[in-house]
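Before I ask anything, let me first share the structure, which is written out below as structure tokens.
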Amino acid sequence: ATDNNYVPFEFIDQGTDELVGLDIDLINAIAEEAGFDIEIEQMEFSGIVSAIPSGRFDIGIAGMTITEERKENIDFSQPYYDAGLILAVLEGSEEEISSIDDVDGKTVATRVGSTSEAYLEENTDANIEAFPEITEAYQSVLTGRADAVLYDKPNVEYYAETEGGGEIVTVGDLLQGEQYGIAFPKGSELRDEVDEAIDNLKESGEFDEIYNKWFGGSE
Ligand code: ARG
């Protein structure tokens, strides 16, 4: 199970109409390395988080942050990507909102069911607008309906540089370090196989190749 609206991890290439991204390359490489076949189903992100525990899917890969709460119902692979949350605003309003300390009473857009939504609820008095798709959150900042957006740094930066056309800029520090893991139903035997495949891909350099393809150079 994966999503199709999360650059550059899983999204539809506008030119080819194909589902592409770091997660897609990674899960294909893992399947090949571990010797199993995969079928990919696309769905909305919060649907993945709730479908994995039910065992309806064997694997979920969707830039999913490993959290203590999710670990109650989901087994995660070893971490495969270091991320974190960053705030962004419309270019020109960096003075009004220069960090998370400035969002109380403002409208902040994000994605429903994400760690950013939880962060806003727990740490701010912002009016939270949580959308089913993150592109709607960016749109609402671009059109002035929301004052800021809070989301995962790699996605915000990728969007800002591509579709965002330089009109969306990040402000303040990384708010919460997070790590992405591949999700499995509790007790899945696939987890160890996948972890071993990730080790092998790291050793062979294939993991770095995939990383660099989407992020152009390791950080
Ligand atoms: N990392 C955040 C979370 O786990 C957001 C992930 C969104 N992923 C996606 N495919 N839309 O809550």
Side-chain angles (χ1 to χ4, degrees), residues 1-13 18-28 30 38 40-53 56-57 59-88 100 108-124 126 128-141 148-160 162-164 168 170 174-185 210-211 214-215 219:
T2 190
D3 176 28
N4 58 22
N5 192 2
Y6 190 57
V7 290
F9 294 90
E10 47 266 343
F11 62 104
I12 303 292
D13 181 302
E18 302 246 336
L19 181 67
V20 296
L22 184 147
D23 282 345
I24 309 306
D25 287 347
L26 182 61
I27 197 63
N28 276 304
I30 287 170
I38 51 170
I40 292 185
E41 274 203 42
Q42 302 168 31
M43 69 204 65
E44 184 259 316
F45 176 73
S46 54
I48 305 171
V49 181
S50 49
I52 289 296
R56 201 149 63 83
F57 300 93
I59 301 177
I61 184 163
M64 194 187 294
T65 302
I66 303 170
T67 67
E68 288 309 312
E69 194 187 338
R70 289 177 183 160
K71 274 188 344 209
E72 286 171 18
N73 303 307
I74 291 174
D75 280 349
F76 284 98
S77 69
Q78 60 173 292
Y80 69 89
Y81 186 88
D82 289 330
L85 310 182
I86 194 91
L87 193 67
I100 197 75
V108 182
T110 189
R111 183 184 223 293
V112 70
S114 65
T115 49
S116 294
E117 185 186 26
Y119 184 95
L120 288 166
E121 279 167 1
E122 285 158 25
N123 301 289
T124 74
I128 307 165
E129 282 240 37
F131 294 91
E133 297 295 355
I134 194 61
T135 40
E136 298 170 63
Y138 293 131
Q139 276 306 321
S140 71
V141 171
V149 55
L150 181 72
Y151 209 43
D152 296 48
K153 184 165 178 256
N155 181 262
V156 175
E157 288 184 340
Y158 200 93
Y159 183 87
T162 54
E163 284 138 274
I168 287 200
T170 62
L174 191 72
L175 291 172
Q176 162 169 287
E178 298 191 348
Q179 292 186 305
Y180 294 169
I182 299 170
F184 306 90
I210 294 173
Y211 186 101
W214 297 102
F215 287 100
E219 276 172 22

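These numbers were taken from a predicted model, which means no experiment stands behind them. Counting convention: from 1, in listed order, for ligands and their atoms alike.
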Handout entry: Identity and distance of the protein heavy atom lying nearest atom 5 (C) of ligand 1
Key = Asp152 OD1, 3.4 Å
Practice task
Just go through Lys153, Glu10, Arg111, Arg70 and tell me whose heavy atom is the nearest to atom 10 (N) of ligand 1.
Solution key: Glu10
Practice task
For ligand 1, find out whether one of its N or O atoms is nearer than 3.5 Å to an N or O atom of Tyr6.
Solution key: no
Exercise for the section: Between Thr65 and ligand 1, find which residue part has any heavy-atom pair under 4.0 Å and reply side chain, backbone, both or neither. Expected result: both
Practice task
May I ask you to identify the nearest protein heavy atom to atom 11 (N) of ligand 1, giving residue, atom name and distance to one decimal place in Å?
Solution key: Asp3 OD2, 2.8 Å
Handout entry: Contact atoms of ligand 1, heavy-atom distance to Tyr180 under 4.0 Å
Key = 1 (N)
Fill in the blank from the handout: Checking heavy atoms under 4.0 Å, the part of Thr115 that sits near ligand 1 is both
Exercise for the section: Might you point out which heavy atoms bring Ser46 and Gly113 nearest each other, and give the distance in Å? Expected result: CB-CA, 4.4 Å
Fill in the blank from the handout: For Ser50 and Pro53, the nearest pair of non-hydrogen atoms, with its separation, is O-CD, 3.4 Å
Handout entry: Short N or O distance, Gly113 and ligand 1, threshold 3.5 Å exclusive
Key = no
Handout entry: Part of Met43 within contact of ligand 1 (heavy atoms, under 4.0 Å)
Key = neither
Problem - Test item: side-chain donor near acceptor, Asn4 and Glu10, under 3.5 Å - result: no
Practice task
Could you give me the CA-CA distance, side-chain angles and deciding distance for Phe9 and Tyr80, then say whether ring-ring contact (aromatic ring centres under 6.0 Å, His included) is met?
Solution key: CA-CA 12 Å; Phe9 294 90; Tyr80 69 89; 7.3 Å; no
Exercise for the section: For Arg111 and Ser114, work out which heavy atoms get closest and say how close. Expected result: O-OG, 2.7 Å
Exercise for the section: Provide the closest heavy-atom pair for Ser116 versus Tyr151 in the form atom of the first, atom of the second, distance. Expected result: OG-CA, 3.2 Å
Completion exercise
Check: of Gly63, Gly60, Ala83, min heavy-atom distance to atom 6 (C) of ligand 1 comes from Gly63
Problem - Glu121 CD: over 12 foreign heavy atoms closer than 6.0 Å - result: yes
Practice task
Give yes or no for whether the N/O distance cutoff of 3.5 Å, strictly under, is met between Asn5 and ligand 1.
Solution key: no
Problem - Backbone or side-chain N or O of Ser114 under 3.5 Å from ligand 1 N or O - result: no
Exercise for the section: Tell me yes or no: between the side chains of Tyr180 and Asp23, is some donor less than 3.5 Å from an acceptor? Expected result: no
Problem - Tyr151 heavy atom under 4.0 Å from ligand 1 - result: yes
Problem - Heavy-atom donor-acceptor pair, Arg70 side chain to Thr65 backbone, under 3.5 Å - result: yes
Exercise for the section: Considering only non-hydrogen protein atoms, determine which one is nearest to atom 8 (N) of ligand 1 and report residue, atom name and distance to 0.1 Å. Expected result: Ala62 O, 2.9 Å
Problem - Residue that, paired with Thr170, satisfies side chain to side chain contact (heavy atoms under 4.5 Å, CB included) out of Leu87, Val149, Ile86 - result: Ile86
Handout entry: Polar contact flag for Met64 and ligand 1 (N/O pairs, less than 3.5 Å)
Key = no
